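Owing to the predicted nature of the structure, the values given are computational and were not obtained by experimental measurement.
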Amino acid sequence: MATQVSGNKRVAILIENQFEDAEFQVPYTALKQAGVETVVLGSRMNDEYTGKRGQVTLRPNATATEVRSEDFDAILIPGGGAPDQIRLNPNAVRLVMNAIAQDKIVAAVCHGPQVLIEADQLQGKQATGYRSIRKDMQNAGATYIDEPVVVDGNLITARQPGDLPLFTTMLLSALRLDLSGEALPELGGQNDSWWQLAEKWGGSSRQDIVNALNAATVGERYTLSAFEKYLEKVSDTELRVILQAVMTTKRQHLALLEQRLSAFDEKVTWQAVGSEAFATLQNWLQASDNMAITRRALGDIQTGVVDALHLAAQLTDPTTVEIFSQIEDNLSRHEQRFADFYRARAGAQVQPPSPTTVAAS
């Protein structure tokens, strides 16, 4: 993507404690490399702000009270837990409102759109953000689009850390900036230029990505082996079909993970689970019936969903994050199928807690 420099630029970055480290670090570094004057704005001058992962700690250059939107070409709002605090600061909200009114660029990632909600600036806009605030954005009048980066006029939004290289590139492009003549990747499609660009800007390293892929591979291989053991034990025909479907999905996951690892010229560092672990599982299975195995398998699936979600949130590589998101989606569908089966079989065995009797005064 060819860009050009157009004068000196100033960008304000709104922060509070618990900001998502990478969502600050990646665009901040890219902007600095492009020669932008970045001004970090907090709510209190003497406070020190720390990211939710503890990787970035900094003091603000100024507070939102002291500055005007006219002083900046763009305002950046990283996500994490910070936007929910920023929206309580009327001076920060005012700054965003004025910037949008003046057709300044406003870029918000992950939970950053919470500030736009507070500023009543999403009505009639196409935008994206972290999926947990999708309904909030829609209620604020936005058309929520589940894409890595959504641009509506001068508003730029993104969903999560995995979108950062595309989000940051779009911000640089909107500001008509370059990196000392270095061409940025074309938006659209996925390739390894994105994770390399994010790494250059302080995002996930090659080793971070490889470690996450290996962690996911270990989890999928172990649970695949466990499900093979479950299948040997259960007698319910429908349960057997469900277990086999999960095993097929997990083999597909392993193929995706190993293919991605091969793109880094890495082999899986999976070590076979020791015989002691499977001996313990086998002993448990001997005394377990179909329903006990169903609940254990359901727990394994739920753990896989959470693990995939956490791994995706740690990386700034769009391709690998997409694989983890696919794993999470697939396992979530299997979780629902297990839950439906369990409720149907348990029937009257699942009893609600007895109501608590409150003595009359």
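With a 6.0 Å cutoff to the six-membered ring centre and a 45° limit on the axis angle, Arg206 does not count as a cation-pi contact of Trp195.
Under 4.0 Å is where a charged nitrogen must lie from a carboxylate oxygen, and between Glu37 and Lys32 no such pair does. Note on Arg10 versus Asp71: no salt bridge recorded, every NZ/NE/NH1/NH2 to OD/OE distance being 4.0 Å or above. Comment: Arg134 does not engage Asp146 in a salt bridge, judged by the lack of any side-chain N to carboxylate O separation of less than 4.0 angstrom. In this structure, Glu20 does not pair ionically with Arg159, as no charged nitrogen and carboxylate oxygen lie closer than 4.0 Å. A salt bridge is absent between Glu322 and Arg260; no separation between the charged side-chain nitrogens and carboxylate oxygens falls under 4.0 Å.
For an aromatic pair to be called close, the ring centres must be under 6.0 Å apart, and Tyr230 with Phe227 satisfies this.
Within a 6.0 Å sphere centred on CZ of Arg251, heavy atoms belonging to other residues, nucleotides or ligands number more than 12. Heavy atoms from other residues, nucleotides or ligands lying under 6.0 Å from CZ of Arg44 number 12 at most.
Among Thr319, Asp317, Thr316, the one residue that satisfies the side chain to side chain contact (heavy atoms under 4.5 Å, CB included) test with Ile209 is Asp317.
When atom types are taken as modelled, the side chain of Tyr130 and the backbone of Gly112 share no donor-acceptor pair closer than 3.5 angstrom.
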> Step by step, would you call His111 with Asp84 a side-chain hydrogen bond (donor to acceptor under 3.5 Å, both in side chains)?
Replying inline: CA-CA 8 Å; His111 286 76; Asp84 199 40; over 6 Å; no
